[in-house]
Amino acid sequence: MESSASIVFIESQRMSPRKKTVIEILRDNPGFVSGQAISDSLGISRNAVHKHVNTLRARGFRILGISRRGYRLEEEPRRLVMPVVAKLTQAAALGSSFRYYEEIESTNAEARRLAADGAPEGTVIVAESQLKGRGRLGRTWTSPPGKGLLFSVILRPGIAMTDAHLLTLTAGDAVAEAIEAQAKIPVHLKWPNDLIVDNKKAGGILLEVSGEQDRVDWVVAGIGINVNVEFAELPVALRKTAISLKMATDKTVDRSVLLARILLTLEKAYFDCLSNGFERSLRGFRERDYLLHRSVSVQTREGPVVGEAAGIDDRGALLVELPDRHVRRFHSGDVTLHQ
């Protein structure tokens with residue numbers, strides 16, 4: 001049975017026809033191709049060939065270059081197989097429509113634009129690479145092309161604005177459950193939106209909402225996961241704090257199957273929340289609570305607040321027990337483990 005989901009493939013506007021031709025030349029020649037041969041074939045300078053090759057490398061193509069021998073294509077980025085994703089989610093509401101980008105500034109930004117233009121619930125924006133991906137508090141989210149999962153889902157829950165933030169916990173618990181099922185590793189959740197594997201960050205969730213106080217118009221749930229990223233591909237500044245599923249398991253994870261599994265798990269959790277409230281999501285988050293009973297520091301406008309994390313309340317707020325045994329609630333704030 002073929003999937004009824006629509007898939008729109010959008011190639012990178014930055015991948016010029018000439019760069020595609022460089023790839024075609026390397027694909028057609030399993031051995032080394034000299035820079036001069038490529039230069040002659042395309043009618044460009046050797047320096048231009050070198051720049052094109054470096055651009056392709058930045059997009060995830062492994063191209064070996066050896067002086068006096070030329071270039072050889074070692075490996076192409078493994079792209080998501082969207083027809084497989086669509087087939088696995090063919091009966092689902094989340095994934096009724098896919099927009100697949102080879103490269104995009106931000107899946108969340110595109111999802112916001114589409115949602116404001118009336119895109120239906122269940123529209124999924126997927127990218128192999130983001131130029132301006134971001135996480136919570138405006139932080140940058142980076143991932144090598146073709147190695148992670150970078151996608152956003154448009155939701156139209158019709159709930160009160162005061163309840164919308166709870167969907168972050170719902171999404172976190174659903175994503176953790178899906179990863180555990182496929183990668184066979186425990187996943188914890190660091191309030192409010194980080195996915196933790198082996199005490200390091202493997203991914204995160206960014207929720208953006210539009211609507212009136214009494215009713216949400218749309219929600220964009222942006223999800224980023226380090227899936228098959230190698231240690232050497234992580235930014236140096238993140239190597240002590242970040243991890244990928246492959247680094248944790250020493251196994252390559254099928255990203256297409258994982259994306260489908262996440263969408264199916266998220267859909268089940270999402271509609272359960274709409275029908276029965278957020279109790280299941282809260283319970284799931286509590287079972288995976290990474291901060292529970294740890295000493296934490298919460299950054300506030302008045303400065304850092306240090307205490308012991310005491311879980312979350314029924315509104316999803318972080319509870320922190322202070323040294324005087326008083327418990328404070330935090331509905332937002334940057335939380336770090338206190339050394």
Side-chain angles (χ1 to χ4, degrees), residues 106 108-109 112 132-142 152 159-173 175-176 187-197 199-214 216 219-226 235 237-243 273 277-279 281-339:
S106 161
N108 257 37
R112 291 197 310 269
K132 296 182 180 179
R134 64 188 180 92
R136 206 170 147 267
L137 303 177
R139 295 190 178 102
T140 300
W141 177 266
T142 59
S152 300
I159 58 177
M161 186 68 75
T162 52
D163 288 337
H165 70 282
L166 292 169
L167 289 172
T168 299
L169 307 185
T170 301
D173 186 47
V175 173
V187 181
H188 292 89
L189 298 170
K190 177 178 173 288
W191 185 90
N193 69 335
D194 286 350
L195 302 161
I196 303 295
V197 174
N199 295 306
K200 294 183 178 181
K201 183 173 178 177
I205 295 157
L206 178 63
L207 206 74
E208 299 188 78
V209 185
S210 178
E212 304 297 332
Q213 191 63 31
D214 61 338
V216 168
V219 171
V220 167
I223 299 169
I225 305 169
N226 293 327
L238 299 180
R239 290 181 182 177
K240 291 184 178 180
T241 58
I243 196 171
C273 289
F278 290 91
E279 289 78 6
S281 295
L282 291 166
R283 184 169 64 251
F285 189 95
R286 288 171 177 139
E287 291 173 354
R288 294 188 169 90
D289 190 347
Y290 178 71
L291 297 177
L292 186 62
H293 302 316
R294 293 174 183 256
S295 179
V296 298
S297 176
V298 184
Q299 189 63 42
T300 70
R301 292 178 181 178
E302 297 77 31
V305 175
V306 176
E308 182 180 293
I312 58 173
D313 68 10
D314 288 342
R315 297 297 303 159
L318 176 68
L319 303 175
V320 177
E321 184 177 310
L322 306 181
D324 63 3
R325 300 299 183 186
H326 176 69
V327 175
R328 282 190 61 176
R329 286 174 169 79
F330 296 91
H331 297 279
S332 63
D334 192 21
V335 185
T336 57
L337 293 179
H338 183 65
Q339 305 298 327

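Numbers for residues simply follow the sequence, beginning at 1. It should be emphasised that the depicted structure is a prediction, and the values quoted were computed from it without experimental measurement.
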* For His165, does the NE2 atom sit with more than 12 other heavy atoms under 6.0 Å from it, leaving out its own atoms? ->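 Count over threshold, so yes.
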
* Asked: Hey, mind stepping through Ser152 and Asn108 against side-chain hydrogen bond (donor to acceptor under 3.5 Å, both in side chains) and telling me if it holds?
  -> CA-CA 6 Å; Ser152 300; Asn108 257 37; 2.5 Å; yes

* To do: Quickly, which of Ile205, Val197, Val175 forms a side-chain contact (heavy atoms from CB on, under 4.5 Å) with Ile225? Name it, please.
  =>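 Of the listed options, the one satisfying the test is Val175.
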
* Starting from the C-alpha separation in whole Å, work towards a yes-or-no answer on side chain to side chain contact (heavy atoms under 4.5 Å, CB included) for Lys200 and Thr241. => CA-CA 5 Å; Lys200 294 183 178 181; Thr241 58; 5.8 Å; no

pair [X]-[Y]: side-chain heavy atoms closer than 4.5 Å:
X      : Y      : value
Leu166 : Cys273 : no
Leu319 : Ile312 : no
Ile159 : Leu167 : yes
Val306 : Val296 : no
Val220 : Leu207 : no
Phe330 : Val305 : yes

* To do: Report the C-alpha distance between Leu322 and Val327 in whole Å, list the side-chain angles of each, state the deciding distance to 0.1 Å, and finish with yes or no for side chain to side chain contact (heavy atoms under 4.5 Å, CB included).
  => CA-CA 6 Å; Leu322 306 181; Val327 175; over 6 Å; no

Quick one: pull up [atom1] in [X] and [atom2] in [Y] and give me the separation to the nearest 0.5 Å.
X      : Y      : atom1 : atom2 : answer
Arg294 : Lys190 : CZ    : NZ    : 11.0 Å
Glu308 : His338 : CD    : NE2   : 12.5 Å
Arg286 : Leu169 : CZ    : CG    : 9.5 Å
Trp191 : Leu318 : CH2   : CG    : 5.0 Å
Arg288 : Ile196 : CZ    : CD1   : 13.0 Å
Leu337 : Ser297 : CG    : OG    : 10.0 Å

* **With Glu302 via side chain to side chain donor-acceptor pair (under 3.5 Å) - residues at least two apart** =>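 Partners of Glu302 under the side chain to side chain donor-acceptor pair (under 3.5 Å) test: Thr300.
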
* For Arg329, enumerate each residue passing the side chain to side chain donor-acceptor pair (under 3.5 Å) test, keeping only those at least two apart in sequence or located in another chain. =>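 Side chain to side chain donor-acceptor pair (under 3.5 Å) check on Arg329 returns Asp313.
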
* **Distance-minimising heavy-atom pair for Ala176 and Leu189** =>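 Smallest heavy-atom distance, with atoms named: CB-CD2, 4.2 Å.
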
* Heavy-atom pair with the smallest gap, counting every atom of Gly311 and Leu292 ->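 Scanning both residues, the minimum pair turns out to be N-CD1, 3.5 Å.
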
* N-O pairing of Glu279 and Arg283 below 4.0 Å ->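 So Glu279 does not pair with Arg283 through a salt bridge.
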
* Taking only Lys NZ, Arg NE, NH1 and NH2, and the carboxylate oxygens of Asp or Glu, determine whether Arg301 and Asp334 approach each other closer than 4.0 Å. =>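 Looking at Arg301 and Asp334, the cut-off is not met.
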
* Decide side chain to side chain contact (heavy atoms under 4.5 Å, CB included) for Phe285 and Thr170; before the verdict, give the C-alpha distance in whole Å, the side-chain angles of both, and the deciding distance to 0.1 Å. => CA-CA 8 Å; Phe285 189 95; Thr170 301; over 6 Å; no

* Does the side chain to side chain contact (heavy atoms under 4.5 Å, CB included) test come out yes or no for Asp163 and Arg315, once each step is laid out? -> CA-CA 8 Å; Asp163 288 337; Arg315 297 297 303 159; 2.8 Å; yes

* Donor on one side chain, acceptor on other, Ser281 and Asp173, under 3.5 Å ->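 The criterion, which ignores hydrogens and geometry beyond distance, is not satisfied for Asp173 and Ser281.
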
* **Residue pair Asn199, Tyr290: steps toward the side-chain hydrogen bond (donor to acceptor under 3.5 Å, both in side chains) verdict** => CA-CA 8 Å; Asn199 295 306; Tyr290 178 71; 3.2 Å; yes

* Spell out, as yes or no, whether a donor-acceptor pair under 3.5 Å connects the side chain of Asn226 to the backbone of Ile243. =>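 Yes; judged by distance alone, with no hydrogens or angles, the pair exists.
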
